[in-house]
Amino acid sequence: MSLYKNQNIQLYNSLTKQKEPFTPIHEGAVGMYVCGPTVYSNVHMGNCRTFLSFDLVFRYLKHLGYKVRYVRNITDAGHLENDGESGDDPILKKARIEQLEPMEVVQKYTVDFHETMAKFNALPPSIEPTATGHIIEQIAIVEKLIKEGYGYEKNGSVYFDVVKFNEDHAYGKLSGRQLEDMITNTRELAAQSEKKNPQDFALWKKAEPQHIMRWPSPWSEGFPGWHLECTAMSTKYLGETFDIHGGGMDLKFPHHECEIAQAEASNHKSPVNYWLHANMLTLNGKKMSKSTGNNILPGELFSGENDILKKAFTPTVAKFFMYQAHYRSILDFSNDALEASEKGFNRLMDALHSLAEISTSENSSLDIATWKQACYDAMNDDFNSPILIAHLFEGAKYINALKEGKETISATDLQELSTTMHAFIFDVLGLEDTQAGGDEAAEKLSGAIELLIELRNKARANKDFATSDTIRDELQEVGIQLKDGKDGTTFSLS
RNA sequence: GGCAUCAUGGCCGAGUGGCUAGGCAGAGGUCUGCAAAACCUUCUACAGCGGUUCGAAUCCGCUUGAUGCCUCCA
């Protein structure tokens with residue numbers, strides 16, 4: 001019996017601007033597409049937030065027993081800034097700066113992306129297709145769009161006729177824009193443009209002589225327009241209509257709007273049932289961005305080598321921090337907020353470790369079943385991780401009370417409490433128990449400290465407090481804190 | 001300029017008409033040789049002004065402020 005039969009998800013659909021009950025096209029199976037990174041530089045924390053938001057969605061759907069096909073692309077084809085009219089291709093630009101072949105640039109940053117996501121303990125998607133690997137599919141869509149009358153060729157480039165599309169479709173329905181307003185408000189001078197209207201976008205762009213990334217096509221040696229790859233790859237792997245399409249809020253317009261236009265014009269049907277948009281991670285109150293430099297890289301966060309934070313933070317703490325805010329809210333990245341999350345996270349982990357020390361009774365004084373469902377209700381309500389985490393802290397409070405003997409619990413309920421805590425913390429949130437240690441060096445250190453604790457306890461028993469306090473204080477100096485508890489002394493590395 | 005979104009206690013951050021999350025910090029307590037740690041308790045907020053309502057942080061209007069998109073960006 002799959003969990004999803006009893007847990008009803010409501011999710012916020014950007015297209016309808018409201019929460020809707022989630023019903024997949026095929027019962028028990030979910031198709032989800034998420035726009036991945038453009039690999040011309042290291043992913044920054046802002047990029048990571050989006051991918052971690054959808055990792056949570058992926059993990060929760062899987063937890064509920066759905067068979068999920070999660071497709072997240074790698075944009076490795078160079079696209080021009082300014083809609084292909086002029087400007088630079090970021091991948092080519094980077095290749096020049098680093099004196100690398102464009103595909104070397106792509107490889108380098110794809111590897112970085114994968115390593116980073118692995119550090120965050122994000123699950124890899126089911127399929128991770130690349131734009132350059134799907135040129136043929138993209139050309140096929142362009143041909144189809146021309147045939148349907150929505151694409152027109154000019155000097156070897158092909159553009160999408162937004163005005164024509166808008167005559168019998170609603171261009172702008174996702175981002176809440178009216179084409180008339182866009183035309184009225186446009187500042188662009190249409191003088192030297194190949195496009196019929198400034199709102200039109202490139203489907204295929206003829207390569208200038210200096211443009212290295214190029215492929216043959218019926219129209220010219222060139223490269224695909226920037227919105228095409230997602231339409232091609234989502235259609236190929238998930239079908240003409242699929243369940244969930246996700247991405248960062250900043251992709252809503254024009255990227256996702258154009259995806260809808262391309263799909264509707266070529267397939268005559270709406271491509272996506274539920275559009276999900278993750279909100280931005282800000283720094284100093286401003287959106288993190290590759291181009292403006294207002295960002296922090298994961299590596300800088302983990303090492304502590306940056307001007308923003310006072311100390312280093314582990315990937316799991318950073319993730320926990322992000323999940324303490326809802327994915328649709330803007331979240332500001334700051335040292336104080338991270339420190340607060342770190343302390344909270346450690347408290348949660350301590351409680352989890354205490355589970356083993358709880359003894360059971362005949363009856364429970366706690367209502368574990370209700371608490372458990374509250375955890376599910378939180379996630380069912382548009383993946384509300386902050387509420388879930390609040391309930392997990394409630395669970396931690398239960399554990400502490402049980403440990404103190406202030407509450408009682410039956411063996412069945414204890415099992416339920418433990419399973420639920422573990423399921424949400426590790427399977428759904430994908431957090432990692434960094435205190436668990438386990439490597440050889442850590443074990444040796446642990447043995448040495450145990451010895452010191454023993455010596456200190458002997459000194460204390462003999463009321464030789466000078467010795468015992470020296471041990472305690474010197475260890476504190478090197479970053480090892482002793483914690484005297486009721487059942488003996490433990491330690492933690494700070 | 002256009003289109004959106006947001007404004008919550010010392011800080012971070014949920015919550016969308018009455019039952020008033022959670023974390024951090026602060027305060028008090030338990031424990032302890034002392035301390036730290038840990039645990040417990042506690043602090044009761046919703047930008048301003050007006051309106052709707054028996055009742056609004058939550059709905060409507062205006063004002064102020066911030067942010068996002070309209071150029072590549074998660």
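Chain A is the first sequence line, chain B the second, and so forth, proteins listed ahead of strands; every chain is numbered from 1. Keep in mind that this is a model prediction, so the values were computed, not measured.
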Tell me whether the OP1 or OP2 atom of [N] has a side-chain N or O from [X] closer than 4.0 Å.
X	N	value
A:K483	B:rA35	no
A:T490	B:rA38	no
A:K287	B:rA74	no
A:R177	B:rG2	no
A:R347	B:rC39	yes

Exercise: do A:Y159 and A:K205 side chains pair donor with acceptor under 3.5 Å: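 Per modelled atom types, A:Y159 and A:K205 side chains form a pair under 3.5 Å.
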Are there any protein N/O atoms within less than 3.5 Å of an N/O atom in nucleotides 14-17 of chain B, and if so, which ones and at what distance?
| from | atom 1 | to | atom 2 | distance (Å) |
| --- | --- | --- | --- | --- |
| B:rA14 | OP1 | A:H326 | N | 2.6 |
| B:rA14 | OP1 | A:S329 | OG | 3.0 |
| B:rA14 | O3' | A:N384 | ND2 | 3.4 |
| B:rG15 | OP1 | A:N384 | ND2 | 3.0 |

For a quick check of understanding: with a heavy-atom distance under 4.0 Å over all strands, which category does [X] fall into, base, sugar-phosphate or nothing?
X	value
A:F253	sugar-phosphate
A:G172	nothing
A:K397	sugar-phosphate
A:G46	base

Donor-acceptor pair under 3.5 Å, A:N400 side chain vs B:rA38 base: no
side-chain contact (heavy atoms from CB on, under 4.5 Å) evaluation trace for A:E128 with A:H114: CA-CA 11 Å; A:E128 192 169 49; A:H114 287 156; 2.5 Å; yes
Note: A:D381-A:K19 ion pair, threshold 4.0 Å (strictly below): yes
